[in-house]
Amino acid sequence: MLDATNRSGGTATARPRAGSSDLAVAVPTAAPVLAPAPGLAGRCVRVLLSPWSRLSLLVVLLASAAAVMVVLEPQQLLTDGLPARLGGVLGVVAYAVAYGACTVAFVPRPLLNLAAGALFGSQFGLVAALGGTVLGAGLAFCLGRVLGQEALRPLLRGRWLKAADNQLSRHGFRSMLAARLFPGIPFAAANYCASVSRMGLLPFLLATALGSIPNTAAYVVAGARASTPTSPAFLIALACIALPGLAGAVVAWRKRNRLRAR
């Protein structure tokens with residue numbers, strides 16, 4: 001078919017086809033997105049979450065808790081007793097919670113165990129003391145693990161520190177069980193040493209609960225029978241307190257000699 005120019009006798013001129021370069025559409029390239037420079041808030045967050053900042057927070061918390069315990073004087077429970085509204089099961093639960101908080105603040109456990117026996121008797125006193133022991137150990141372990149482990153683990157360079165860390169990390173349950181059975185090892189020190197190691201929380205709590213029964217029961221019975229110091233129960237409790245302590249001292253002395261021989 002002829003177009004209009006051919007029919008009119010004119011010469012048709014062919015229009016050149018558009019090249020591929022003419023059809024190409026320029027697509028704008030997105031400018032690279034630059035990450036915002038860390039501001040003051042980001043730097044502050046990193047500093048606050050650093051291992052040494054968390055360790056400093058742990059030290060401040062423990063020092064404050066110890067100061068509060070000095071002001072409150074929890075030993076007055078032995079003379080004043082519990083408030084009248086805290087009786088029965090509620091009193092046992094409240095004492096267990098207070099017991100756990102006191103152990104985190106370095107209040108000696110023998111004093112708390114004696115008070116548990118004097119306030120609740122042998123059976124309920126043992127329940128309150130063991131519950132507070134496990135609660136306080138768990139609180140100290142979690143605090144040390146979250147706030148202190150990352151900063152303190154690089155410092156475990158001495159021979160004795162490495163040996164204690166390896167023992168707790170590889171044989172955590174039996175090591176902690178032995179530490180609880182022998183009364184010569186401070187309760188708070190064992191808690192925080194275990195938290196710095198790679199020991200798990202569940203073996204730690206189970207070993208604490210089982211290993212603390214003999215010593216805790218002895219102190220609770222002594223506190224419950226303190227009004228009759230010549231009774232057989234009181235004398236047996238004193239023997240159960242003294243004999244494990246003597247055995248622990250002998251074992252520690254022998255271990256020390258073996259380490260020196262190496």
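Residue numbers count from 1 along this sequence. Nothing here was measured: the structure is a model prediction, and the numbers come from that model.
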How close do [X] and [Y] get, heavy atom to heavy atom, and via which atoms?
X    : Y    : value
S175 : L168 : CB-CD2, 4.0 Å
A224 : S122 : CB-OG, 3.6 Å
V104 : A140 : CG2-N, 4.1 Å
A128 : V92  : CB-CG1, 3.7 Å
A237 : A218 : CB-O, 3.4 Å
G211 : P214 : O-CD, 3.6 Å

Q. Is there a donor-acceptor pair under 3.5 Å between the side chain of S169 and the backbone N or O of N166?
A.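 Checked: no pair found.
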Quick one: [atom1] on [X] to [atom2] on [Y], what's the gap to the nearest 0.5 Å?
X    : Y    : atom1 : atom2 : answer
S195 : L139 : OG    : CG    : 12.0 Å
H171 : L177 : NE2   : CG    : 14.0 Å
I236 : I241 : CD1   : CD1   : 12.5 Å
R170 : M199 : CZ    : CE    : 15.0 Å
C193 : I185 : SG    : CD1   : 9.5 Å

ILVMFWY cluster, [X] and [Y] together (side-chain gap under 4.5 Å):
X    : Y    : value
F187 : L130 : no
V221 : F120 : no
L57  : V146 : yes
L112 : F124 : yes
I213 : M176 : no

Q) Side-chain donor-acceptor pair under 3.5 Å between T208 and R180, yes or no? A)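 There is such a pair (donor and acceptor under 3.5 Å, judged by atom type) between the side chains of T208 and R180.
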**Q.** Residue pair T230, L235: steps toward the side-chain contact (heavy atoms from CB on, under 4.5 Å) verdict
**A.** CA-CA 7 Å; T230 57; L235 296 178; 5.7 Å; no
Q: Kindly indicate, with the supporting measurements, whether the criterion side-chain contact (heavy atoms from CB on, under 4.5 Å) is fulfilled by L147 and L61.
A: CA-CA 11 Å; L147 299 178; L61 288 176; 4.1 Å; yes
Q: For the pair F106 and Y192, name the ring-plane relationship: parallel under 30°, tilted 30 to 60°, perpendicular over 60°.
A: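 F106 vs Y192 ring planes: tilted.
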Q: Might you confirm whether atom CZ of R225 has over 12 heavy atoms from other residues, nucleotides or ligands at distances under 6.0 Å?
A: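 12 or below, so no.
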Residue pair [X] / [Y], side-chain heavy-atom distance below 4.5 Å:
X    : Y    : value
N113 : Y99  : yes
N191 : F204 : yes
T103 : T133 : no

(Q) Run L205 and F141 through side-chain contact (heavy atoms from CB on, under 4.5 Å) and show every step you take. (A) CA-CA 9 Å; L205 294 179; F141 184 91; over 6 Å; no
Q | Stepwise side-chain contact (heavy atoms from CB on, under 4.5 Å) check, R109 with N215 | A | CA-CA 10 Å; R109 283 185 63 247; N215 182 263; 4.2 Å; yes
